[in-house]
Amino acid sequence: MVSEAQVFFSEKSQEVGLSNSSWGQDQNETYGGGISFFDFDNDGWDDLTVSSAEGLPVRFYKNNNGIFELINLPGINDELFQTKSVQWVDIDNDGDYDFFATSNQPTGDNRLYENVGDLTFVNTTVAAGLSNPGHQSFGASWGDYNNDSFLDVFVASRFFDSDTQFNILYKNNGDGTFTDVSVEAQLIQENDLSFCSAWIDYDKDGWQDIYVSNDKIQNKNILYHNNQDGTFTNVAEAANADLAIDAMSTTIGDYNRDGWLDIYVTNSQQGNAFLRNNGDGTFTNVAPNNGTLFQSFAWSSVFLDADLDTDLDLYVSASINNPDSGQLSAAYYNNIGNGLYTIPDDIGFDEDISISYSNAIGDVDNDGKYEIAVLNCLPDNVFLWQNETVTANNWIKIKLEGTESNRQGIGSFIEISVNSEKQYNYTLCGEGYLGQNSSYEFFGIGEATEVDFINIYWLSGIVDVITNPQINSTLTVIEGDPQLGLEEIDQEKIVLYPNPSHSEIQISGIQNYINGTLQIADLSGKVLQIKPIENSTMKLDLSQLAVGVYVARFNSENGSRHIKFIKR
């Protein structure tokens, strides 16, 4: 059963502390910037990160129980370059989030800031091999193309006046450094005016592919099939995914719940595209027939189940601030079933007239309903569309923690069954137009009071099965140890610092494991050391370990926890 509910959103940016949050310093900023709706301090509350125009700092808004506070993060903003994508990613699988930003300025550079603990950062761009001054970068998306458990990054470039501004794939070497493998991976070495990309396992072979949105009709969109040997092949034409439009962004979701990932592509001219995955390696553009054509100056889009009725709705933003133009400034498309969408009346988006570029979704107040954040140019601040839908429908939120796969669980399929009806989410890091969504995956389950099962299909090949999870709660699934527990907000976190380390690691936050044991294992699962846990802190001597990646297993009668660390 599904409770009928009137979707309603209310703009709450001023009430929740988001003043002075617009992008740029005038109303004519070109192509805007990106926004991240991501819990960067790992306290269970989704924070906001807003990109910067030239001369402005990146802004970090910490979520304090539903109210945002503008904070400084030591070590970041040492240079006021214009930024586009702003993303939080655990590049070294150490359990905390590092910060990555792209720049499209000829005098700028992409930047990586390593989180060295307690939200203190060090600029490691040059040492990490990610410095590329003058490369005009827009979207960045993170995935693990070689399934080695470390997240790699695809950086899209859009620069008219260059024959050498190509998209770049950087391989994560697992030691804090990256290597440009674009040529080795057989990526197209041409300037395709690429705004954004997204990782997608479109053929469900367990290897991540890449879909790239290209501007101008002479640059057809690209679908890179992962050949599983470190190389890619552009199969867009054969897949009927080679759109020749002014493509701005790429959004991934399974709108018809058939287990195959579909693609929504925004367009600045003759209408958006909605690529339905046919399950045979091909796609069909259903936008002209399913109600989502939009036909305005669209930039970003995002799938979400706003009313928790088990199906994915769609939100699209555009750079239109003239209500008399006849063009949509934004649209909320309600999924009415049978693959069709409609724009409902009186759902609260009347004020959404602005020059909008990036958007992202997260849960401001931890009530299980997605909110939408939209980054606007002057004179408008960020829109924070609070989800005030009144419904009897239930929900469940899931966060992944990889052990054999990458720590964030990026590239995993989550399958949930409710009354034998299936839903599927796919975990991403960097999507839409310069956006990053919450690390929590949301599922509406209607009026159901229990979930049949949850299956997690990790990139490692491990499949975790969870039965009888608690509904209306946030659950963390640890790869290979899928015993679920309600996530406690503001709970103390286990910290391994420094990680990576050459000689010694300080461990803190392990008071729940006193009188238990710490096991050190290699990635094959072989236990190399066992140590008693006697206090809430301890030191781990790495001198007897070879250089490599290991797993620290904390075990006690209160449960267990796995955390990867690196010996350099």
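Bear in mind that the values here come from a model prediction, so they are computed numbers and not experimental data.
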Keeping to residues at least two apart or across chains, list the salt bridge (charged side-chain N to carboxylate O under 4.0 Å, His left out) pairs with something in residues 379-392. K12-E388
Go through it in stages, so that I can follow the logic: the residues are S13 and E11, the test is side-chain hydrogen bond (donor to acceptor under 3.5 Å, both in side chains), and I'd like the CA-CA distance, side-chain angles, deciding distance and then a yes or no. CA-CA 6 Å; S13 59; E11 207 289 296; 3.0 Å; yes
Is any side-chain heavy atom of N63 closer than 4.5 Å to a side-chain heavy atom of L48? no
Flag for W299-S356: side-chain donor and acceptor within less than 3.5 Å: no
Would you confirm whether K62, through its side chain, and I71, through its main-chain N or O, come within 3.5 Å as a donor-acceptor pair? no
Residues, nucleotides or ligands: over 12 heavy atoms within 6.0 Å of E15 CD: yes
S268 side, atom OG; F294 side, atom CZ - distance, nearest 0.5 Å: 11.5 Å
Any side-chain heavy-atom pair from R276 and N256 closer than 4.5 angstrom? yes
Smallest heavy-atom separation, S141 atom then Q87 atom, equals N-NE2, 4.4 Å
State, yes or no, whether a side-chain contact exists between Y357 and S319 at a heavy-atom distance under 4.5 Å. yes
If you define the side chain from C-beta out and look only at heavy atoms, does anything of S301 sit under 4.5 Å from N272? no
List the steps and the verdict of side-chain hydrogen bond (donor to acceptor under 3.5 Å, both in side chains) for Q511 and S536. CA-CA 4 Å; Q511 57 274 7; S536 61; 4.9 Å; no
Kindly give the heavy-atom pair with the smallest separation between N267 and A247, and that separation in Å. OD1-N, 4.4 Å
N334 and T342 side chains, donor-acceptor separation under 3.5 Å: no
Do V265 and Y211 touch side chain to side chain, with heavy atoms closer than 4.5 Å? yes
Among N387, T391, D313, side chain to side chain contact (heavy atoms under 4.5 Å, CB included) partner for D307: D313
With Y255, which of F274, Y333, W260 fulfils ring pair (Phe, Tyr, Trp, His ring centres under 6.0 Å)? F274
Mind running ring-ring contact (aromatic ring centres under 6.0 Å, His included) on F99 and W88 for me, showing each step along the way? CA-CA 5 Å; F99 180 64; W88 295 94; 4.9 Å; yes
Could you check whether any side-chain N or O of N394 sits under 3.5 Å from a backbone N or O of T449, counting only pairs where one atom can act as donor and the other as acceptor? no
Expected output: side-chain S405 to main-chain S460 donor-acceptor under 3.5 Å: yes
Walk me through it: do E401 and R407 pass the test salt bridge (charged side-chain N to carboxylate O under 4.0 Å, His left out)? CA-CA 5 Å; E401 184 177 310; R407 177 63 178 258; 3.5 Å; yes
Check: I410 and W142 side chains under 4.5 Å, non-hydrogen atoms: no
Picking from Y315, F443, W395, F442, what satisfies ring pair (Phe, Tyr, Trp, His ring centres under 6.0 Å) with Y370? F442
Should the ring pair Y31 and F195 be called parallel, tilted or perpendicular, given that the plane angle runs from 0 to 90° and is split at 30 and 60? perpendicular
In Å, rounded to the nearest 0.5 Å, how long is the span from CZ of F297 to OG1 of T266? 10.5 Å
Measuring from atom OG1 of T49 to atom CG of L375, what distance do you get when rounded to the nearest 0.5 angstrom? 11.5 Å
Set out, in order, the CA-CA distance, both residues' side-chain angles and the distance that settles side-chain hydrogen bond (donor to acceptor under 3.5 Å, both in side chains) for D365 and Q386, then state yes or no. CA-CA 9 Å; D365 48 7; Q386 186 90 27; 3.0 Å; yes
In terms of relative ring orientation, are F9 and Y332 parallel, tilted or perpendicular, with 30° and 60° separating the classes? tilted
List in chain and number order the residues that pass ring pair (Phe, Tyr, Trp, His ring centres under 6.0 Å) with Y457, two or more places apart in sequence or in another chain; answer none if no residue qualifies. none
Between S358 and S300, do the side chains contain a donor N or O and an acceptor N or O under 3.5 Å apart? no
Evaluate ring-ring contact (aromatic ring centres under 6.0 Å, His included) for W385 paired with F349, printing each intermediate quantity in order. CA-CA 8 Å; W385 293 105; F349 288 106; 4.8 Å; yes
Parallel, tilted or perpendicular: which describes the rings of F40 and F60, with under 30° parallel and over 60° perpendicular? perpendicular
Separation of S412 OG from Y426 OH (nearest 0.5 Å): 8.0 Å
Mutual orientation of the aromatic rings belonging to F38 and Y97 [parallel < 30°, tilted 30-60°, perpendicular > 60°]: perpendicular
With no hydrogens and no angle check, is any side-chain donor or acceptor of E415 less than 3.5 Å from a backbone partner on N455? no
Side chain Q408, main chain D90, donor-acceptor under 3.5 Å: yes
Once the angle between the rings of F303 and Y264 is folded into 0 to 90°, is it parallel (under 30°), tilted (30 to 60°) or perpendicular (over 60°)? perpendicular
A side-chain contact here means heavy atoms from C-beta on lying under 4.5 Å apart; do N393 and E447 qualify? yes
Check L378 against S22 and note the closest heavy-atom contact, atom names and distance. CD2-OG, 3.0 Å
Tell me, do D254 and D262 make a side-chain contact under 4.5 Å, heavy atoms counted? yes
Where F138 and T102 come nearest, the two heavy atoms and their spacing: O-OG1, 2.7 Å
When every non-hydrogen atom of S354 is compared with those of N376, the smallest separation belongs to OG-OD1, 3.1 Å
Which atom of A373 lies closest to which atom of I35, heavy atoms considered: CB-CD1, 3.9 Å
Take atom CG in N20; do more than 12 heavy atoms of anything else shown fall under 6.0 Å from it? no
Just wondering, more than 12 heavy atoms not from D258 lying within 6.0 Å of its CG? yes
When you look at N278 and T284, which way does the side-chain hydrogen bond (donor to acceptor under 3.5 Å, both in side chains) test go after all the steps? CA-CA 7 Å; N278 300 317; T284 300; 3.1 Å; yes
